Amino acid sequence: MPIYTPPLRDQQFVLHEVLGAVDVLRQMPRYAELDADTLNQVIEEAGKFCAEQLLPINQTGDAEGCRYDASSRTVTAPAGFKQAYERFCEAGWPGLAADAEYGGQALPHLLQIAFYEMQYSTNQAWAMYPGLTIGASECLHVFGTPEQNELFLTKLVSGQWTGTMCLTEPHCGTDLGMLRTKAEPQADGSYKLTGNKIFISSGEHDLAENILHLVLARLPGAPAGTKGISLFLVPKFLPKLPTTGKGREATVGERNGIYCGGIEHKMGIHGNATCQMVLEGATGWLVGEANKGLPAMFVMMNGARLGVGVQGLGITEVAYQNAAAYAKDRIQGRSLSGPKAPDKPADPIIVHPDVRKMLLTARAYAEGGRIFAYWVALMADMQHSATSEEDKAFGADMMALMTPIVKAFMTDNGFRCASECLQVLGGHGYVREWGMEQFVRDARINMIYEGTNTIQSLDLIGRKVLMDNGAKLKKFGKLVQAFAEEHGTSTEMSEFITPLADLGDKVTKLTTELGMKALANQDEVGAAAVDYLRVVGHLVYGYFWARMAQVALAKIKADGDKVDPFYTAKLATARFYFQRLLPETAYHIRAARSGAKNLLELPAELF
Ligand SMILES: Cc1cc2nc3c(=O)[nH]c(=O)nc-3n(C[C@H](O)[C@H](O)[C@H](O)COP(=O)(O)OP(=O)(O)OC[C@H]3O[C@@H](n4cnc5c(N)ncnc54)[C@H](O)[C@@H]3O)c2cc1C
């Protein structure tokens with residue numbers, strides 16, 4: 001079985017030594033009483049839950065998969081999944097960041113993201129059941145009526161009911177404007193929904209007593225395209241309201257007409273049921289306004305995009321831990337510069353430079369991804385809970401700008417790192433026993449669902465950058481500039497500041513150039529988008545790696561010989577990042593600037 005140790009030391013470094021998270025959070029009235037001990041304790045307990053409850057059922061869940069019973073149209077999750085979910089709910093984890101009003105613990109989103117990281121390291125397939133539930137809660141929180149929230153939101157926050165997002169149909173994935181599921185208004189204010197959805201994660205399972213589906217559908221006479229889509233709440237079992245008491249005391253009633261017609265047999269995340277859902281006149285209720293379903297669903301989708309990005313981080317971390325342990329143990333060949341373990345018949349493979357390159361790649365992307373994702377979570381807290389409108393707007397802008405980068409950059413890196421870590425194990429990585437091939441298979445979906453990484457790249461360059469003339473990007477650029485100015489005179493920091501400032505200039509120039517080209521031909525944006533996201537992703541990681549390097553350098557200076565080796569390792573990894581990973585931006589800038597012609601001149605019939 002793969003190993004996993006929650007990365008508590010690095011999490012604490014990020015939270016307390018670099019981001020100063022407690023100070024930032026305490027400025028918000030909601031978190032005024034928060035202290036570092038609370039943050040640490042929650043993360044420690046969360047890590048324990050993941051290592052003790054989720055890791056042991058990850059490989060077995062992958063081998064067993066979900067089972068579909070056609071006669072009852074039900075799905076059974078792999079052994080142990082239901083029990084782990086029960087423990088998760090008993091401990092109050094589903095409502096970690098939810099409002100106390102609905103039964104939640106009202107802790108920061110930051111903690112939720114840190115918990116997600118560890119869940120995805122230890123069992124991505126399992127973690128998707130509660131993960132989508134939190135996304136559904138966030139959507140209802142914003143768009144649900146007080147009655148809907150009293151009934152449905154409280155059930156999601158307690159974990160008694162789980163949630164799903166039902167967008168995709170057989171003929172429409174990326175292009176949701178083509179969706180056909182119909183919703184007919186009923187005299188009692190409800191709707192009858194009819195249609196077919198596919199690829200619905202956690203669409204049917206035995207973990208919870210009820211499932212609340214958030215379904216996109218069309219009302220009669222709705223405008224064509226995305227402007228005619230509405231959002232509906234469709235429970236698996238209709239809620240039975242008590243004659244007295246509140247909605248949260250509802251129980252499950254009659255079976256509603258939404259069924260699972262089968263599950264997909266897929267490459268990875270076997271423990272998560274990917275369902276075809278059939279709506280046979282299912283009863284549902286409108287969420288938000290008619291024909292404004294897509295913006296409402298975007299609340300869930302944006303939350304899910306951050307979650308998926310963190311799936312990339314979680315897999316990177318666990319793959320790294322396993323590859324590093326293996327590389328220190330496995331002996332093969334001798335170091336080119338002479339034996340390092342002369343008492344053994346061969347040296348451990350960690351002596352070989354290229355093995356180190358693979359390990360350091362995963363380490364640098366894990367640690368860079370962690371600080372980035374946690375900072376973005378802090379921006380989410382700021383957006384929701386800051387007192388000043390200015391801080392709220394800053395949080396919202398950073399969330400909007402960074403969401404596609406979290407989703408695409410972190411999941412591209414996650415798949416690459418899982419593959420490199422598998423390579424560290426040679427042939428042993430390719431066989432099931434060590435668990436590495438599962439990480440590679442599981443990591444692959446993260447680049448596809450929640451909007452493919454190409455769609456994320458188009459979102460970044462089109463909607464998030466060019467549409468507002470780069471205003472949000474400039475706001476982030478100011479953080480980079482301020483840091484560069486503050487530390488620009490330090491000779492020790494120049495190896496980080498010089499390439500960071502240089503990349504900042506190049507991003508500005510590239511953005512202007514692509515903006516100009518886009519005016520003449522929009523295909524230029526499509527041709528450059530994926531390369532552009534990688535370049536901006538490195539600007540963001542470069543900024544956070546430089547900040548981490550600065551803290552590590554200060555500590556090394558202060559503590560001299562007695563310094564905790566954690567800081568020495570941090571500095572070495574920062575150097576690796578700047579010298580070996582960030583330079584790929586040169587290639588991507590060149591590719592982005594090469595234009596659309598080299599992609600479009602070949603006629604389709606010649607492919
Ligand atoms: C395991 C799994 C779980 C899923 N879970 C859910 C879920 O819970 N709920 C849900 O609703 N859906 C879910 N999905 C669906 C998923 O979100 C879609 O598969 C994804 O959005 C892509 O849609 P598609 O598969 O139809 O591909 P298509 O839209 O057909 O795209 C095919 C290719 O064309 C590219 N492409 C398409 N349009 C453009 C464009 N305009 N510009 C550039 N490139 C383009 C895409 O990037 C992709 O590479 C899941 C899918 C899987 C496999």
Side-chain angles (χ1 to χ4, degrees), residues 62 65-66 75 124-125 127-136 139 162-181 195-205 211-217 225-226 229 231-232 234 258 260 262-277 279 293-294 296-298 300-305 307-308 311 404 407-408 411-412 415 441-463 522-533 596 599-600 604 607:
D62 176 63
C66 295
V75 173
Q124 176 172 330
M128 286 169 67
Y129 294 99
L132 282 154
T133 307
I134 290 171
C139 180
T162 59
T164 74
M165 54 196 301
C166 300
L167 292 75
T168 308
E169 297 181 5
H171 62 286
C172 85
T174 301
D175 190 354
L176 290 169
M178 293 196 289
L179 76 80
R180 291 181 192 145
T181 298
N196 290 295
K197 297 283 175 182
I198 59 164
F199 295 163
I200 305 308
S201 299
S202 318
E204 173 62 31
H205 58 80
I211 303 173
L212 207 51
H213 302 280
L214 286 181
V215 181
L216 289 182
T226 52
I229 296 175
L231 179 63
F232 298 87
V234 184
I258 180 164
C260 175
I263 55 174
E264 304 299 340
H265 302 282
K266 53 197 193 289
M267 178 177 176
I269 53 165
H270 292 158
N272 190 268
T274 308
C275 302
Q276 298 147 24
M277 300 303 295
L279 293 112
L294 208 51
M297 191 57 128
F298 253 103
M300 182 164 185
M301 282 155 76
N302 280 330
R305 285 172 180 184
V308 172
Q311 292 178 344
K407 160 60 168 85
T411 60
D412 282 348
F415 180 67
R441 286 186 288 105
D442 286 357
R444 189 62 185 84
I445 186 59
N446 302 335
M447 300 151 81
I448 299 170
Y449 57 20
E450 275 321 317
T452 63
N453 285 1
T454 303
I455 298 305
Q456 302 304 320
S457 307
L458 289 166
D459 181 46
L460 175 70
I461 190 169
R463 284 165 49 112
Q522 280 290 320
D523 270 334
E524 291 291 345
V525 172
V530 169
D531 292 295
Y532 181 79
L533 187 142
L599 300 176
L600 297 178
F607 273 83

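Counting begins at 1 with the first residue of the sequence. We count ligands from 1, going down the list as the structure has it; atoms in each ligand are counted the same way. Please read all numbers here as calculations on a predicted model, not as lab measurements.
- Exactly one residue among L458, D412, T454 makes a side chain to side chain contact (heavy atoms under 4.5 Å, CB included) with V530. That residue is T454.
- The heavy atom nearest to atom 5 (N) of ligand 1, out of those in S457, S202, S201, is found in S201.
- Atoms of ligand 1 lying under 4.0 Å from at least one heavy atom of L458, given by number and element, are 42 (N), 43 (C).
- Those atoms of ligand 1 that come under 4.0 Å of a heavy atom in T454, given as number and element, are 43 (C), 44 (N), 47 (O).
- Of the possible polar contacts, none joining the Q276 side chain to the I198 backbone as a donor-acceptor pair under 3.5 Å is found.
- Heavy-atom minimum distance, C172 versus M178: CB-CB, 3.9 Å.
- Within a 4.0 Å radius of atom 8 (O) of ligand 1, the protein contributes at least one heavy atom.
- Residue-to-ligand polar distances place T168 within reach of ligand 1: an N/O pair is separated by less than 3.5 Å.
- Protein non-hydrogen atoms do reach within 4.0 Å of atom 53 (C) of ligand 1.
- Among protein heavy atoms, the minimum distance from atom 20 (C) of ligand 1 is reached at I448 O, 3.9 Å.
- With respect to atom 21 (O) of ligand 1, the closest heavy atom belonging to the protein is G451 N, 4.1 Å.
- For Q456 (side chain) and E450 (main-chain N/O), a donor-acceptor pair under 3.5 Å exists by modelled atom type.
- The distance from the CD atom of Q124 to the CG atom of N446 is 4.5 Å, given to the nearest 0.5 Å.
- For a threshold of 3.5 Å applied to N or O pairs, the pair formed by K266 and ligand 1 contains no separation below that value.
- Within the 4.0 Å heavy-atom criterion, the part of T452 lying near ligand 1 is the side chain and not the backbone.
- For atom 17 (O) of ligand 1, the nearest protein heavy atom lies closer than 4.0 Å.
- In this structure, the side chain of T133 engages the main chain of G163 through a donor-acceptor pair within 3.5 Å.
- For the pair K197 (side chain) and L216 (backbone), a donor-acceptor distance under 3.5 Å is present.
- The nearest protein atom to atom 41 (N) of ligand 1, hydrogens excluded, is given as I455 CD1, 4.2 Å; this is a heavy-atom distance.
- Proximity of L533 to I461: side-chain heavy atoms (C-beta onward) are nowhere separated by under 4.5 Å.
- Protein heavy atom nearest atom 26 (O) of ligand 1, with residue, atom name and distance: G173 CA, 3.2 Å.
- Taking the side chain as every heavy atom from C-beta outward, T411 and Q311 never approach each other to under 4.5 Å.
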Derivation and outcome, side chain to side chain contact (heavy atoms under 4.5 Å, CB included), residues H265 and H270: CA-CA 8 Å; H265 302 282; H270 292 158; over 6 Å; no

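- The single protein non-hydrogen atom nearest to atom 29 (O) of ligand 1 is T174 OG1, 2.5 Å, given as residue, atom name and distance.
- Within a 4.0 Å radius of atom 3 (C) of ligand 1, the protein contributes at least one heavy atom.
- Set against the non-hydrogen atoms of I445, the atoms of ligand 1 under 4.0 Å away are 1 (C), 2 (C), 52 (C), 53 (C).
- The atoms of ligand 1 that sit less than 4.0 Å from any heavy atom of E450 are 17 (O).
- Considering backbone and side-chain atoms together, C172 places no N or O closer than 3.5 Å to any N or O of ligand 1.
- In terms of heavy-atom proximity, C260 sits nearest to E204 at CB-CB, 3.6 Å.
- Atom 13 (C) of ligand 1 has as its closest protein heavy atom F199 O, 2.9 Å.
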Side chain to side chain contact (heavy atoms under 4.5 Å, CB included) between S202 and T162, worked out: CA-CA 8 Å; S202 318; T162 59; 5.7 Å; no

